[in-house]
Amino acid sequence: MRLFGTNGIRGVIGKEFKPDFLVKIGMAIGTYLPQGSNVVLGADTRISGDMVKNAVISGLLATGVNVVDIGIAPTPAIQLYTRNHGDFGVAITASHNPPEFNGVKAIAGDGTELPRKAEEEIEKIFFSREFRIVNWKDVGRHIRAEGANREYIERIISLVDRESIRNAGFKVAIDCANGASCFTSPYILEELGVKVVSLNCQPDGTFPGHESEPKPENLQEIISFVKDGDFDLGIVHDGDADRVIFIDEQGNFITGDKSLAIVANYILKEGDLLVTPVSSSMALEDIARERGAKVIYTKVGAPIVARKMIETRARFGGEENGGMIFPEMQYCRDGAMGMAKMLEIMAKTGKKMSELVAELPVYYQKKVSVSCPNEKKERVLEALKNKYSGENVITIDGVKIMGDGWWVLIRPSGTEPIYRIYAEARSEDKLAEILERYEKELQEVVERV
Ligand code: MG
């Protein structure tokens with residue numbers, strides 16, 4: 001049985017997430033850790049934050065580990081504080097999910113997301129109910145710590161070219177989605193000498209501004225704001241601010257893989273490695289080649305990208321959803337670091353955001369889905385691997401077939417009874433052609449197996 005999904009344990013308040021369940025999660029994590037460990041714990045701005053957090057803390061303390069409670073903080077700030085001051089970390093967040101959700105995310109002592117193997121050990125303890133309940137005098141201490149957000153703000157400012165950003169005289173609009181970055185990103189901007197106009201930057205767990213997933217339909221307000229106003233950039237975070245999305249000075253929504261490509265274009269040097277999931281744009285490959293750098297592909301999932309980056313000592317990594325990982329900061333997605341780096345790039349190159357986008361290779365992308373019963377998924381995957389074995393394929397996550405200036409990735413959904421086809425090509429005609437071909441072939445395979 002599994003407890004942890006791809007991004008921690010998620011649930012709806014009053015349904016999966018009730019106090020008894022949460023106390024047991026706290027006890028399972030505490031039992032997994034040596035007695036006396038210090039667990040750094042922070043939360044996003046959700047209304048349920050206090051309920052969830054107090055239940056988890058109670059469970060942790062009962063097993064004889066201490067809790068260092070840093071209050072409301074973005075997930076990357078919790079990760080940085082864990083690395084600097086803790087033996088383990090817990091983030092109470094459901095990232096971009098609707099307000100009725102919350103989540104518990106486990107963080108290793110080095111600030112990275114917990115490897116799956118460690119999650120399995122915690123799950124084993126949870127389901128066996130063999131918790132280490134300590135004697136009264138060994139119960140852990142609940143310590144409230146100030147300054148985690150400050151430490152995070154200062155660390156980011158120290159890693160970018162502050163003078164260049166200050167001298168550029170930028171004016172930006174930022175939308176914190178009423179989430180945890182309300183306490184960090186506007187201050188980082190201000191301290192970098194940027195003029196800031198803020199939207200939805202008061203913490204509010206009802207998310208009155210918009211849903212916290214940073215996709216175009218949720219961001220019409222900041223988009224029209226930037227379009228009509230005199231801004232150099234629009235900046236948006238998701239609820240726990242491990243991601244950042246940009247709006248250019250004309251009010252265009254810039255997709256995450258474009259910002260990833262802009263950063264790659266700026267920082268990659270000869271011999272560098274860039275790590276990204278198989279679903280990322282070919283533009284990254286073109287840029288890396290031009291710079292004498294190399295792309296390493298992984299399965300989809302930020303923790304997997306981060307682990308591969310540590311292993312290969314990569315220079316940069318990230319995903320198409322606005323998650324960027326900078327090793328000089330830490331090995332996890334970091335929304336505010338991505339924001340500060342983008343300002344540095346604009347300042348140092350003297351280029352507007354739209355100009356940086358215009359320099360990128362142009363590709364067209366589309367995603368479609370084909371229904372497939374869950375029990376057939378594995379057989380379909382095997383059949384696809386056989387069918388395309390003669391072509392240029394990568395099979396680390398689904399089947400990715402690569403051609404000249406195009407690729408197709410066919411991958412089973414982890415949650416729904418469907419297969420997804422991701423495709424990218426240099427022209428819209430080619431995109432339509434490959435999508436039609438592979439959709440038809442996938443349907444045939446699903447029927448046949
Ligand atoms: Mg997030």
| request: Go through Arg155 and Glu328 one step at a time and tell me if the salt bridge (Lys or Arg N to Asp or Glu O under 4.0 Å) criterion holds. | output: CA-CA 10 Å; Arg155 174 90 184 134; Glu328 66 272 34; over 6 Å; no
| Is it true that atom CZ of Arg2 has more than 12 heavy atoms of other residues, nucleotides or ligands lying nearer than 6.0 Å? | yes
| request: Scan side-chain atoms only and decide if Thr93 and Asp44 contain a donor-acceptor pair under the 3.5 Å cut-off. | output: yes
| said: If we count only N and O atoms by modelled type, under 3.5 Å, do the side chains of Ser48 and Asn102 hold a donor and an acceptor together? | reply: yes
| request: Write down the atom of Asn178, the atom of Thr45, and the distance for their closest heavy-atom approach. | output: O-OG1, 2.8 Å
| query | With a cut-off of 6.0 Å (strictly less than), are more than 12 heavy atoms of other residues, nucleotides or ligands near CZ of Arg141? | reply | no
| said: For Leu41, run the side-chain contact (heavy atoms from CB on, under 4.5 Å) check against Val104, Val68, Val56 and tell me which one passes. | reply: Val56
| request: Kindly indicate whether a cation-pi arrangement holds for Lys400 with Tyr297, taking the cut-offs as under 6.0 Å to the six-membered ring centre and within 45° of the axis. | output: yes
| Between Gln202 and Pro208, is any pair of side-chain heavy atoms under 4.5 Å apart? | yes
| field | Note, Arg132 side chain near Val134 side chain (heavy atom, < 4.5 Å) | value | yes
| Derivation of the side-chain contact (heavy atoms from CB on, under 4.5 Å) call for Ser354 and Val357 | CA-CA 5 Å; Ser354 63; Val357 172; 5.6 Å; no
| said: Regarding Glu120 and Arg116, does a basic nitrogen lie under 4.0 Å from an acidic carboxylate oxygen? | reply: yes
| field | Atom pair CG/OG of Asn321 and Ser280 - distance to nearest 0.5 Å | value | 9.0 Å
| task | Applying side-chain contact (heavy atoms from CB on, under 4.5 Å), run through Arg46 and Ile13 and close with a yes or a no. | result | CA-CA 11 Å; Arg46 284 164 199 275; Ile13 301 304; over 6 Å; no
| query | Is Arg411 salt-bridged to Asp397, cutoff N-O under 4.0 Å? | reply | yes
| Where Gly14 and Lys18 come nearest, the two heavy atoms and their spacing | O-CE, 3.0 Å
| query | Got a second to check how far Leu435's CG is from Gln365's CD, nearest 0.5 Å? | reply | 11.0 Å
| message | Pair Ser37, Phe88 - check side-chain contact (heavy atoms from CB on, under 4.5 Å), show working. | response | CA-CA 8 Å; Ser37 299; Phe88 198 83; 5.9 Å; no
| So, Glu100 and Lys15, do they make that salt bridge, N to O below 4.0 Å? | no
| field | Minimum-distance pair of heavy atoms, taken over all atoms of Ala425 and Ile434 | value | CB-CD1, 4.3 Å
| message | Between Ser281 and Glu424, do the side chains contain a donor N or O and an acceptor N or O under 3.5 Å apart? | response | yes
| said: Distance check, rounded to the nearest 0.5 Å: His237 atom NE2 versus Thr184 atom OG1? | reply: 6.5 Å
| task | Dump the intermediate steps for side-chain hydrogen bond (donor to acceptor under 3.5 Å, both in side chains) on Tyr363 and Asp257, then the final yes or no. | result | CA-CA 11 Å; Tyr363 283 98; Asp257 52 4; over 6 Å; no
| Does one side chain, of Ser95 or Asp240, offer a donor that lies under 3.5 Å from an acceptor on the other? | yes
| field | NZ/NE/NH1/NH2 to OD/OE distance under 4.0 Å, Arg83 and Glu151 | value | no
| query | Are Phe131 and Val23 side-chain neighbours, meaning at least one heavy-atom pair lies under 4.5 Å? | reply | no
| said: In this structure, is the centre-to-centre distance between the rings of Phe126 and Tyr32 below 6.0 Å? | reply: no
| task | In plain terms, say whether Glu249 and Lys171 are close enough for a salt bridge, that is, a side-chain N and a carboxylate O under 4.0 Å apart. | result | no
| request: Report yes if some heavy atom in the side chain of Arg313 is under 4.5 Å from a heavy atom in the side chain of Leu273; otherwise report no. | output: no
| said: To the nearest 0.5 Å, what is the distance between NZ on Lys294 and OG1 on Thr312? | reply: 9.5 Å
| Rounded distance (nearest 0.5 Å) linking atom OG1 of Thr395 with atom CD1 of Ile410 | 12.5 Å
| said: Which heavy atom of Val90 sits nearest to which heavy atom of Ile78, and what is that distance? | reply: O-CG2, 3.9 Å
| request: Tell me yes or no: between the side chains of Asp50 and Asn54, is some donor less than 3.5 Å from an acceptor? | output: no
| said: So that I can tick it off, tell me whether Arg166 and Glu191 are bridged by a salt bridge, with the cut-off set at under 4.0 angstrom between side-chain N and carboxylate O. | reply: no
| task | Measure the shortest side-chain to side-chain distance between Lys215 and His96 over non-hydrogen atoms and say whether it is less than 4.5 angstrom. | result | no
| Between Asp69 and His142, is any side-chain donor less than 3.5 angstrom from a side-chain acceptor? | yes
| query | Would one find more than 12 heavy atoms of other residues, nucleotides or ligands at under 6.0 Å from atom CD of Glu146? | reply | no
| said: When you compare the side chain of Glu221 with that of Asn200, does any pair of heavy atoms fall below 4.5 Å? | reply: yes
| Close side-chain approach of Gln79 to Asp334, heavy-atom, < 4.5 Å | no
| message | Check this for me: Asp20, atom CG, are more than 12 non-hydrogen atoms of other residues, nucleotides or ligands nearer than 6.0 Å? | response | yes
| task | May I ask you to decide whether Glu428 forms a salt bridge with Lys366, counting only side-chain N to carboxylate O separations under 4.0 Å? | result | no
| said: For Tyr187, I'd like to know if atom OH has over 12 heavy atoms of other residues, nucleotides or ligands within 6.0 Å. | reply: no
| Closest non-hydrogen atom pair, Leu192 against Ile165 | O-CG2, 3.7 Å
| task | Quick one: do Lys341 and Met324 satisfy side-chain contact (heavy atoms from CB on, under 4.5 Å)? Show the steps, please. | result | CA-CA 10 Å; Lys341 186 53 91 176; Met324 297 194 233; over 6 Å; no
| field | Interatomic spacing from CG in Leu343 to CZ in Phe246 - rounded to 0.5 Å | value | 7.0 Å
| said: With heavy-atom distances below 4.5 Å as the criterion, would you say the side chains of Asp248 and Lys352 are in contact? | reply: no
| For Asp272 and Ile267, which heavy atoms make the closest approach, and how far apart are they? | OD2-O, 3.8 Å
